[in-house]
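Contents: one structure, followed by commentary.
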Amino acid sequence: SAKQLQFKLVLLGESAVGKSSLVLRFVKDQFDDYRESTIGAAFLTQTVKLDDQTTVKFEIWDTAGQERYKSLAPMYYRNAHCAVVVYDVTQPQSLEKAKSWIKELQRQADPNIVIALAGNKVDLAATRRGVPKEDAQRYAEEEKLLFLETSAKDSSNVSELFTMIARKLPLE
Ligand code: GDP
Ligand code: MG
């Protein structure tokens with residue numbers, strides 16, 4: 001019989017890497033060059049159909065990346081089934097920030113949490129890449145994370161990212 005399973009997903013990462021834009025692309029298939037930055041956190045939902053029998057509903061918490069909201073993050077990741085940690089492929093320090101979020105999740109979140117690392121803004125990579133794909137991929141393999149380079153702007157790998165996560169969740 002058909003089933004719909006619900007999972008809580010949290011987005012983490014430095015400010016301006018494109019967390020809200022990835023969610024906007026995934027939920028509304030829109031992109032905005034001048035997004036207002038998120039205050040606190042925003043809540044949205046979207047479903048992914050895996051097959052005729054199985055639909056996954058994501059309850060998405062899009063957190064603000066600013067330091068002043070950092071103490072709120074545990075509220076959002078504490079009961080999360082999955083996390084998308086985002087960096088900007090043009091900004092190497094945003095990968096370092098992503099790694100520190102991943103360490104925090106590995107220490108403090110549910111031990112079964114599914115973590116995906118997303119290198120966003122890959123549409124800019126031809127001229128402005130700052131993080132080699134192989135470096136991030138190697139790190140993701142070492143830490144057993146899902147990994148994709150994405151673009152909220154041109155849609156590259158956005159639905160693939162969420163589908164890849166859905167397939168890793170306990171669907172029984
Ligand atoms: P957040 O602070 O991580 O939520 O980042 P936002 O989603 O607010 O995006 C910050 C800025 O980056 C905005 O100006 C977006 O338009 C831009 N942006 C987001 N994703 C992409 C992308 O994939 N490609 C490009 N070129 N710009 C992006
Ligand atoms: Mg935001």
Side-chain angles (χ1 to χ4, degrees), residues 7-38 41-51 54-66 76-77 80-102 105 113-169 171:
F7 296 97
K8 190 172 154 185
L9 182 149
V10 63
L11 278 109
L12 297 165
E14 192 168 85
S15 191
V17 293
K19 298 178 297 297
S20 298
S21 298
L22 284 169
V23 175
L24 185 68
R25 175 61 76 190
F26 176 54
V27 173
K28 298 193 179 151
D29 199 16
Q30 291 171 7
F31 180 78
D32 191 345
D33 273 303
Y34 304 98
R35 295 235 2 113
E36 281 177 38
S37 61
T38 313
F43 178 75
L44 298 99
T45 66
Q46 177 62 299
T47 56
V48 170
K49 189 175 176 183
L50 290 181
D51 57 47
T54 318
T55 304
V56 166
K57 181 179 183 184
F58 285 113
E59 301 176 334
I60 302 168
W61 289 96
D62 171 25
T63 67
Q66 295 94 325
Y76 300 105
Y77 67 65
H81 302 95
C82 38
V84 178
V85 182
V86 185
Y87 70 96
D88 173 343
V89 299
T90 73
Q91 301 289 334
Q93 92 289 344
S94 72
L95 178 59
E96 296 312 308
K97 184 74 200 175
K99 289 180 180 179
S100 84
W101 278 117
I102 287 160
L105 289 171
I113 191 169
V114 174
I115 305 174
L117 177 66
N120 191 43
K121 307 197 188 183
V122 73
D123 58 286
L124 301 175
T127 53
R128 289 174 47 194
R129 181 183 287 276
V131 179
K133 183 178 180 181
E134 306 72 51
D135 290 7
Q137 195 147 30
R138 189 178 324 109
Y139 165 75
E141 278 165 22
E142 283 165 6
E143 299 297 328
K144 300 183 168 49
L145 315 170
L146 300 171
F147 171 71
L148 276 178
E149 289 190 335
T150 60
S151 169
K153 184 164 187 168
D154 73 11
S155 281
S156 302
N157 275 342
V158 177
S159 60
E160 288 82 352
L161 174 70
F162 290 91
T163 303
M164 185 167 74
I165 294 165
R167 292 193 185 286
K168 282 279 178 184
L169 290 165
L171 301 176

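Just so you know, residue 1 is the first one in the sequence shown, and it goes up from there.
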Between the CG atom in Leu95 and the CD atom in Gln93, the distance rounded to the nearest 0.5 Å is 9.5 Å

Start with the C-alpha gap between Lys133 and Phe147, add the side-chain angles, then the distance that decides, and say whether side chain to side chain contact (heavy atoms under 4.5 Å, CB included) holds. CA-CA 10 Å; Lys133 183 178 180 181; Phe147 171 71; 4.1 Å; yes

Tyr76 vs Leu11 side-chain heavy atoms within contact, under 4.5 Å: no

Scanning both residues in full, the closest heavy-atom pair of Asp51 with Thr54 reads OD1-N, 2.9 Å

Which of Val158, Leu22, Leu148 passes side-chain contact (heavy atoms from CB on, under 4.5 Å) with Asn120? Answer is Leu22

The reported gap from CD in Glu141 to CG in Leu117 (rounded to nearest 0.5 angstrom) is 11.5 Å

Query - pair Leu105-Leu12: side-chain heavy atoms closer than 4.5 Å - result: yes

Are Phe162 and Gln46 packed together at the side-chain level, in the sense that at least one heavy-atom pair is separated by less than 4.5 angstrom? no

Is it the case that the side chains of Asp62 and Ser20 hold a donor-acceptor pair, with the cut-off being a distance below 3.5 Å and no angle test?
yes

OG1 of Thr45 to CD1 of Ile60, rounded to nearest 0.5 Å, is 7.0 Å

| message | For a side chain to side chain contact (heavy atoms under 4.5 Å, CB included) check, start with the C-alpha distance between Ser155 and Asp29, then their side-chain angles and the critical distance, and finish with the verdict. | response | CA-CA 8 Å; Ser155 281; Asp29 199 16; 4.0 Å; yes

task: Answer whether the closest heavy-atom distance between the side chains of Val56 and Arg167 falls below 4.5 Å.
output: no

Fill in: Non-hydrogen side-chain atoms of Phe58 and Leu169 separated by less than 4.5 Å
yes

| task | Taking the side chain as every heavy atom from C-beta outward, state whether Leu50 and Thr163 have any pair of such atoms under 4.5 Å apart. | result | yes

Contact between Glu59 and Phe43 at the side-chain level, heavy atoms closer than 4.5 Å - yes or no?
yes

Could you walk me through whether Asp154 and Phe31 pass side chain to side chain contact (heavy atoms under 4.5 Å, CB included), step by step? CA-CA 8 Å; Asp154 73 11; Phe31 180 78; over 6 Å; no

So, Lys121 side chain and Tyr87 main chain: donor-acceptor pair closer than 3.5 Å or not?
no

When rounded to the nearest 0.5 Å, the distance separating CG of Asp88 from OG1 of Thr90 is 3.5 Å

Could you tell me how the ring of His81 sits relative to the ring of Phe7: parallel (under 30°), tilted (30 to 60°) or perpendicular (over 60°)? perpendicular

The side chain to side chain donor-acceptor pair (under 3.5 Å) partners of Arg128 (sequence neighbours excluded) come to none

One should read off an interatomic distance between Gln30 CD and Ser21 OG, to the nearest 0.5 angstrom, of 11.0 Å

Would you call Phe26 and Leu161 a side-chain contact if the rule is heavy atoms closer than 4.5 Å?
-> no

On a heavy-atom basis, the closest approach of Gly13 and Lys19 is O-NZ, 3.0 Å

So CZ of Arg25 and CG of Asp32: to nearest 0.5 Å the spacing works out to 10.5 Å

Those residues at least two apart in sequence (or on a different chain) that pass side chain to side chain donor-acceptor pair (under 3.5 Å) with Gln91 are none

